[in-house]
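Counting starts at 1 for both ligands and their atoms, in listed order.
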Amino acid sequence: MLDALKDELLSQVNAAADLSALDEVRVSALGKKGRITGFMKELGNLTPDERKERGQALNALKDEIAAAIDVRKADLAAAHLKARLEAERVDVTLPVRPETEGRIHPISQTMDEMIAIFAEMGFSVAEGPDIEDDFHNFTALNFPPGHPARDMHDTFYLPDSGDKKMLLRTHTSPVQVRTMLNNKPPIRIIAPGRTYRSDYDMTHTPMFHQIEGLVIDEATNMGHLKGCLVEFCRAFFDVDDLPLRFRPSFFPFTEPSAEVDIGCSRKGGELKLGNYGDWLEILGCGMVHPNVLEACGIDSTRYQGFAFGMGVERVAMLKYGIPDLRTFFEADLRWLKHYGFAALDIPNIAHGLTR
Ligand code: DAH
């Protein structure tokens with residue numbers, strides 16, 4: 001009779017389709033009101049000999065069913081885990097979702113390219129504040145009070161706060177002043193950064209970027225200035241024979257001063273950079289004026305050097321064929337996707353600057 005019960009219970013255990021069905025089988029056999037438990041309760045009615053024999057048989061049956069339940073439980077758990085792993089499978093070799101890809105703004109990229117080239121020549125990067133005073137932005141740069149060149153800068157002045165007239169720097173040249181006031185020659189720095197002028201059209205935005213260069217020591221001359229800028233422009237635009245033309249010009253803070261043009265062609269309405277006979281202006285430069293050296297505490301009878309300043313947007317537009325300056329600051333994601341750069345496209349002379 002116990003054999004029949006054993007077969008029945010074992011087949012129920014093996015037929016249990018999941019953990020909860022298996023538990024029902026366990027309760028019905030081994031629980032307080034289970035069938036094996038029921039037989040155990042009846043042992044008291046038997047003679048001692050019968051009880052011993054029956055008790056051993058029931059205990060053996062109980063152990064066997066409990067062991068069968070454990071085995072079935074382990075099988076079900078393994079099957080359950082396997083099904084979950086199948087259902088929740090993740091392919092870790094898939095690429096990241098394309099919508100999470102960011103782009104580096106062309107201004108950031110262009111500044112990094114310029115810094116990479118000048119760093120190779122031994123320049124280090126200097127910085128100054130966007131909010132400047134009149135002394136650093138104008139006076140120390142040899143713009144006397146009332147000088148007409150001040151008006152050409154369309155300066156944003158901050159509301160009068162009493163002692164000093166503060167303004168948004170109109171160029172990166174005040175970083176020259178700060179560098180010379182705080183360091184002794186020899187000096188060899190570039191200063192990339194934001195600049196501000198009250199102007200807005202196809203080629204002007206109220207905020208734009210410049211990069212300034214300054215070299216001061218005892219013997220640096222205009223030949224060094226030319227060599228440095230020729231080298232820079234050829235590397236930056238990636239045109240080995242790019243011609244440069246130094247045209248006499250005027251800036252209060254340099255003497256002599258020059259504007260630099262690079263060779264180009266405008267044939268068929270298309271701009272091409274190279275040795276084609278036409279010219280395009282890209283930067284201003286000159287030998288630092290003795291008045292500037294003296295205003296910055298440097299002995300102009302002993303030291304001399306050169307300076308230059310360049311618009312970052314302007315050269316970025318030329319290099320990457322971006323037609324309208326204003327689009328740089330419209331924060332249009334489609335524009336950034338088209339003109340922007342991949343995050344790992346880090347400019348580096350050794351590997352080539354351009355894509
Ligand atoms: N600061 C000038 C500007 O914003 C650019 C410039 C010209 C800077 C000649 C220089 C320089 O250092 O030597 O228009």
Protein heavy-atom partner closest to atom 12 (O) of ligand 1 - residue, atom, separation in Å:
Glu212 OE2, 2.6 Å
Contacting atoms of ligand 1, where contact means under 4.0 angstrom from a heavy atom of Ser173:
1 (N), 8 (C)
Ligand 1 atoms nearer than 4.0 angstrom to some heavy atom of Gly286 are 13 (O)
Answer yes when Lys165 and Asp134 have at least one side-chain N-carboxylate O distance shorter than 4.0 Å, and no when they do not.
no
When you measure from the heavy atoms of Met310 to every atom of ligand 1, does any distance fall below 4.0 Å?
no
Is any side-chain heavy atom of Phe306 less than 4.5 Å from a side-chain heavy atom of Asn221?
no
Quick check: Thr254 and ligand 1, any N/O pair under 3.5 Å apart?
no
Is the shortest side-chain N to carboxylate O distance from Glu8 to Arg35 below 4.0 Å?
yes
State plainly whether the residues Glu132 and Arg178 are in salt-bridge range, i.e. N to O under 4.0 Å.
yes
Would you call Arg334-Asp332 a salt bridge at under 4.0 Å N-O?
yes
Closest to atom 5 (C) of ligand 1 among protein heavy atoms sits Gly309 CA, 4.1 Å
Which ligand 1 atoms, with their elements, are less than 4.0 angstrom from a heavy-atom of Gln176?
12 (O)
Spacing of Leu2 atom CG and Arg54 atom CZ [to the nearest 0.5 Å]
4.5 Å
Under 4.0 Å between a Lys/Arg side-chain N and an Asp/Glu carboxylate O for Lys73 and Asp70?
no
Mode of His153 contact toward ligand 1 - side chain, backbone, both, neither (heavy atoms, under 4.0 Å):
neither
Going by the atom numbers of ligand 1, which of them fall below 4.0 Å from some non-hydrogen atom of Gln210?
3 (C), 4 (O)
So for Phe253 against ligand 1, with non-hydrogen atoms under 4.0 Å, the contacting part is side chain
Quick one: does ligand 1 sit under 4.0 Å from the side chain of Ala307, the backbone, both or neither, non-hydrogen atoms only?
both
If the threshold is 4.0 Å, N to carboxylate O, is there a salt bridge linking Arg245 and Asp261?
yes
Of the protein's non-hydrogen atoms, which lies at the shortest distance from atom 3 (C) of ligand 1, and what is that distance?
Arg197 NH2, 3.6 Å
